[in-house]
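Structure, as structure tokens:
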Amino acid sequence: MEHFTAVMAEATLRAEDAGEGHIHPDLNELWLWHALEELEHKSVSYEVYETIGNSRLERLLAQPLVVATVLPAMVASWAWLLAGEGALTKPRDLAQGLRLMFGPGAILRTTLARLPLFGRRDFHPARHDTSELEERWRDLLFGPDGTLREQLRRTS
């Protein structure tokens with residue numbers, strides 16, 4: 001699950017419109033912060049897993065289970081949101097949503113394409129360096145002019 005969320009987080013932060021979003025700006029900032037946080041700790045769960053065993057067979061078996069758990073939940077959540085907005089019966093909204101999730105360069109499509117890396121014998125999340133991306137988003141969100149700068153706890 002952690003690999004799935006880290007890959008999705010990276011795809012979110014690399015998306016050309018990551019700072020704009022298709023949702024309310026406050027919610028978009030929350031998602032961007034969460035994506036950054038997922039990348040910052042992407043290796044922790046894996047290192048615990050390595051300590052207790054790390055069977056490649058388990059990893060290979062886990063992949064389809066994660067997709068079978070997360071993907072339907074995401075699509076169901078999206079459908080629930082559309083229903084709440086009264087847009088579930090609007091073909092244009094449905095097409096746009098499907099394109100945003102599964103179209104070329106879309107976050108879920110990118111995420112699903114990278115999941116097989118988890119099954120490689122030499123896999124470790126740290127081998128995929130995202131430090132520059134993390135630094136860029138830390139600055140955008142929390143730097144001197146960061147959009148979430150005002151949310152930081154003040155210690156004086």
Side-chain angles (χ1 to χ4, degrees), residues 1-81 97-98 100-156:
M1 287 294 233
E2 284 296 315
H3 177 59
F4 187 94
T5 57
V7 171
M8 190 181 315
E10 182 183 356
T12 297
L13 296 178
R14 290 197 189 282
E16 288 182 25
D17 62 351
E20 301 162 22
H22 301 278
I23 57 177
H24 189 280
D26 292 343
L27 187 56
N28 195 48
E29 285 184 335
L30 176 65
W31 277 111
L32 293 172
W33 165 79
H34 188 219
L36 173 59
E37 180 262 341
E38 285 294 329
L39 282 185
E40 288 174 335
H41 76 263
K42 70 182 180 184
S43 296
V44 174
S45 291
Y46 191 80
E47 289 172 3
V48 170
Y49 179 61
E50 279 192 317
T51 300
I52 63 169
N54 188 3
S55 160
R56 181 170 179 253
L57 178 60
E58 283 178 351
R59 286 189 283 137
L60 292 171
L61 293 172
Q63 285 178 297
L65 294 175
V66 168
V67 172
T69 302
V70 175
L71 195 58
M74 292 179 76
V75 172
S77 297
W78 171 64
W80 182 77
L81 289 171
L98 288 170
L100 287 170
M101 288 194 293
F102 298 106
I107 291 171
L108 285 178
R109 187 174 183 169
T110 303
T111 301
L112 292 172
R114 290 214 18 240
L115 281 182
L117 296 174
F118 187 62
R120 291 179 50 161
R121 291 187 195 285
D122 64 344
F123 175 80
H124 191 288
R127 287 202 174 101
H128 184 69
D129 185 16
T130 56
S131 58
E132 286 182 22
L133 182 65
E134 293 168 42
E135 184 178 331
R136 186 172 125 237
W137 279 100
R138 251 189 312 278
D139 188 50
L140 286 169
L141 295 174
F142 301 109
D145 297 318
T147 58
L148 292 176
R149 177 100 177 135
E150 294 301 316
Q151 309 300 329
L152 294 174
R153 181 183 298 180
R154 303 280 184 226
T155 55
S156 42

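- For residues 34-48, the pairs satisfying salt bridge (charged side-chain N to carboxylate O under 4.0 Å, His left out) are Glu40-Arg138, with sequence neighbours left out.
- With a 4.5 Å cut-off on side-chain heavy atoms, His3 and Pro125 do not count as touching.
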Run the side-chain donor-acceptor check on residues 57-70: report pairs under 3.5 Å with partners two or more places apart or on a different chain.
unit_1	atom_1	unit_2	atom_2	d
Glu58	OE1	Tyr49	OH	2.9
Arg59	NE	Asn54	OD1	3.0
Arg59	NH1	Phe118	O	2.6
Arg59	NH1	Arg120	O	3.1
Gln63	NE2	Leu115	O	2.5
Thr69	OG1	Leu65	O	2.8

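- Among the candidates Glu10, His128, His34, the single residue satisfying the side-chain contact (heavy atoms from CB on, under 4.5 Å) test with Leu39 is Glu10.
- Among residue pairs with one or both ends in residues 70-80, none qualify as side-chain hydrogen bond (donor to acceptor under 3.5 Å, both in side chains); sequence neighbours excluded.
- With a 4.5 Å cut-off on side-chain heavy atoms, Trp137 and Thr12 do not count as touching.
- Contact check for Met101 versus Met74: no side-chain heavy atoms found under the 4.5 Å cut-off.
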* **Residues Met8, Thr110; criterion side chain to side chain contact (heavy atoms under 4.5 Å, CB included); working and verdict** => CA-CA 8 Å; Met8 190 181 315; Thr110 303; over 6 Å; no
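- Between Val7 and Thr111, the shortest heavy-atom contact is CG1-CA, 3.6 Å.
- Atom CG of Leu140 sits about 13.5 Å away from atom CZ of Arg149, to the nearest 0.5 Å.
- His124 is linked by a ring-ring contact (aromatic ring centres under 6.0 Å, His included) to Tyr46, counting only residues two or more places apart in sequence or in another chain.
- Partners of Thr147 under the side chain to side chain contact (heavy atoms under 4.5 Å, CB included) rule, at least two apart in sequence or in another chain, are Glu29, Leu141.
- Residues that satisfy the side-chain hydrogen bond (donor to acceptor under 3.5 Å, both in side chains) test with Asp129, not counting sequence neighbours, are Ser131.
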